[in-house]
J.: 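My structure is below; once you've seen it, I'll send some questions.
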Amino acid sequence: MMTPAAASDLRRYNAATAHLEPPLAVLDLAAMRANAESMARRAAGKPIRVASKSVRCRAVLSRVLAMDGFRGIMAYTLPEALWLSGSGLSDDILVAYPTTDAGALGQLAGDAAAAAAITVMVDCAEHLDLIEKVIAGAAEPSPVRVCIDIDTSFITLGGRIRVGARRSPVRTPADAAALARDIVSRPGLRLAGLMAYEGQIAGVGDNPAGRPLYGRAIRYMQRKSGAELAIRRAAIVAAVRSVAPLEFVNGGGTGSVEKTTTEAAVTEIGAGSGLYQPGLFDSYRGFSGRPAALFALPVVRRPGRGVVTALGGGYLASGAGDAARLPRPFLPAGLRLDKDEGAGEVQTPLLGGAADGLRIGDRVWLRHAKAGELCERFGELHLVDGDTIAATVPTYRGEGKAFL
Ligand SMILES: Cc1ncc(COP(=O)(O)O)c(C=O)c1O
C-alpha cells in the first residue's frame, strides 16, 4: 500500500512529465531545497562547500550556491574546476583529489583569475614537484594554491584493523608540518588550506536496514574513529598553522555534517549527496532527507502476474560491487528488483503486487544509489516544482562534459 504522500508524489511526477518520453531524470526542487536547508541547519553556522561530483549540473550548483549556508565548490577534477571558474560559477573552487594533468596545471598557472579561484590537492612532494615543473615552463605564471589532504582512516589493534579510504599518506602532525614547510619553501606555490574527509563516518550509514548488529558495529567504529580523528585533526591543524596561515580546514560529508561541525579546528564542511538524497543515504540516524533526484523508465512488457519489465535502468553506482549499488524502485511503492537480473543494461524486471496495476506505456520511478552519477546517464534534469516542470537544465553530460 502506498502512503497518501507517496501516491501524491507519484501523481505529481507523472503529471509533470506526461508530455515527455522516458527514460528521463527529474529533480524535485522542493525536496532538494528542504534537503539543503536541513544540511545547512546541521552545519550550525559553518559553510558547506558543495561537492560537485554529487550534483554534476551547473544550473543546480548555481541554485545551491545561492542558498544560505553554502559557499564554494568542491570539484573533482582540475579541467572541471577550470570550466566552472571560467563560466563564472564560483571564485572559490577546491579540487578535492590530486591531479597529474600537466596541461590543466599549465592552464591554471597561466590564468591569473583561475589561479586565484582554484586550489589543487596535494599529499606528497611528487605532487609539488609536478606543479613546480609546469610553472617553470609557463610564461608569467601565477602562484598555484594548494591544499594538504590528510589521511583520516581509523587504525587500531597495532595496525591489524584499518577502516577508511586509501587516499593520503599524510597522517601525523609531523607529516603535515613537513609537507607544509616544503610547500612554503617553493615560491610558485601557496598553501591555502587543509582537508581531512572522514569517509568511514560521513559515507557509511550507521543504521543499515534489517541489520541491527552490523549497525551497532558501525556505530562503535564511528564513535572510536571520530574521537581519534578529532584529537588528531586539531593537532595537525595546529602544527600546520605554526608553519603558515590557513584559509580553510575542510572536513566531513553528508553523513557527518552535524558531527564534523562541532570540531573547532574545522572551518567548513564538504558535502553534496544530501541534496539529491540517493538510496545509499537512507540509513543514517542523524538525518533523513527527501528523495529529490529520480529517474523514470517506461513499462514495456508484462511477462506475467506480479511483474512488469521496464526499458533500461542498469545505472549502477561506483564502489564495492555489492547489491547496495543497484538503483532502488521508488514509485509506485511495492516494486522490487529481481535478485537474478538486478537492474539490466536494456531491461529491468520489477516484481511485486504493484506491478499488476501498471500497463504498457506507464512509467515507474527509481532512485540511483549515489547522487551525481545519475547525471552521467541523462543529458538533462527536469526541475519539478509541484506538478509542473519549472525548467529543464543540462547535466554535465548534457553539456558534453565527462570529467571522469
Ligand atoms: C573529499 C570529500 N569530501 C566530502 C565528500 C562528501 O560528499 P557527499 O556529501 O556527496 O557524500 C566526499 C565524498 O566522497 C569527498 O571525497
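The figures here come from the full heavy-atom set of this structure, side chains too, leaving out hydrogens, waters and symmetry mates. Both ligands and their constituent atoms are indexed starting at 1 by order of listing. Keep in mind that what you see is a predicted model, and the values were worked out from it rather than measured.
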J.: For K370, which residues count as a side-chain hydrogen bond (donor to acceptor under 3.5 Å, both in side chains) partner, sequence neighbours excluded?
T.: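 Applying side-chain hydrogen bond (donor to acceptor under 3.5 Å, both in side chains) to K370 gives S318.
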
J.: Y76 vs F403 aromatic rings, parallel, tilted or perpendicular, using cut-offs 30° and 60°?
T.: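 Perpendicular: the ring planes of Y76 and F403 meet at over 60°.
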
J.: Crowded around R219 CZ? As in, over 12 foreign heavy atoms under 6.0 Å?
T.: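 Above 12, so yes.
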
J.: How close does the nearest protein non-hydrogen atom get to atom 9 (O) of ligand 1, and which residue and atom is it?
T.: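 Sorting protein heavy atoms by distance from atom 9 (O) of ligand 1 puts T254 OG1, 2.6 Å first.
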
J.: Using a 4.0 Å heavy-atom threshold (strictly under), name the region of R167 that reaches ligand 1: side chain, backbone, both or neither.
T.: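 Contact part for R167 vs ligand 1: side chain (C-beta onward).
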
J.: Report the part of Y276 (side chain from C-beta onward, or backbone N, CA, C, O) that has a heavy atom under 4.0 Å from ligand 1; answer both or neither where that applies.
T.: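 Looking at Y276 and ligand 1, no heavy atom falls under 4.0 Å.
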
J.: For F295, run the ring-ring contact (aromatic ring centres under 6.0 Å, His included) check against W365, Y315, Y13 and tell me which one passes.
T.: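 It is Y315; the other options fail the test.
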
J.: Give a yes/no on ligand 1: does F281 have at least one heavy atom closer than 4.0 angstrom to it?
T.: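 Per 4.0 Å heavy-atom rule, F281 contacts ligand 1.
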
J.: M74 versus ligand 1: do any nitrogen or oxygen atoms come within less than 3.5 Å of each other?
T.: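 N/O-N/O distance under 3.5 Å: no.
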
J.: Could you pull out all donor-acceptor pairs under 3.5 Å where a side-chain atom in residues 156-164 meets a protein atom, sequence neighbours excluded?
T.:
residue : atom : partner : partner atom : Å
R162    : NH1  : G164    : O            : 3.0
R162    : NH2  : S153    : OG           : 3.3
R162    : NH2  : A165    : O            : 3.2

J.: What is the nearest protein non-hydrogen atom to atom 14 (O) of ligand 1, stated with its residue, atom name and distance?
T.: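 Its nearest protein heavy-atom neighbour is K53 CE, 3.1 Å.
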
J.: How does S273 reach ligand 1, by side chain, by backbone, by both or by neither, if only non-hydrogen atoms under 4.0 Å count?
T.: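 It is both parts that get close, each with some atom under 4.0 Å.
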
J.: Provide the closest heavy-atom pair for T348 versus G313 in the form atom of the first, atom of the second, distance.
T.: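 Heavy-atom minimum between the residues: OG1-CA, 3.7 Å.
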
J.: What residue and heavy atom of the protein are closest to atom 1 (C) of ligand 1, and at what distance?
T.: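 For atom 1 (C) of ligand 1, the nearest protein heavy atom is M195 CE, 3.5 Å.
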
J.: Got a donor-acceptor contact below 3.5 angstrom from the D338 side chain to the P349 backbone?
T.: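 Not at all, since once roles are kept as given, no pair shorter than 3.5 Å links the two residues.
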
J.: Among protein heavy atoms, which sits nearest to atom 16 (O) of ligand 1, and what does the distance come to when rounded to 0.1 Å?
T.: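 Answer, as residue, atom name and distance: Y97 OH, 2.6 Å.
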
J.: Take every heavy atom of G252, measure it against each atom of ligand 1, and state whether any distance is under 4.0 Å.
T.: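 It does; at least one heavy atom falls under 4.0 Å.
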
J.: Can you tell me which residue and heavy atom of the protein come closest to atom 2 (C) of ligand 1, and the distance to 0.1 Å?
T.: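 Its nearest protein heavy-atom neighbour is Y197 CG, 3.5 Å.
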
J.: First locate atom CG of D282, then atom CZ of R367, and finally report the distance between them rounded to the nearest 0.5 Å.
T.: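 D282 atom CG to R367 atom CZ measures 4.0 Å (nearest 0.5 Å).
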
J.: Only heavy atoms of A271, strictly under 4.0 Å: list the atoms of ligand 1 that pass.
T.: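 Numbered from 1, ligand 1 contributes 9 (O).
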
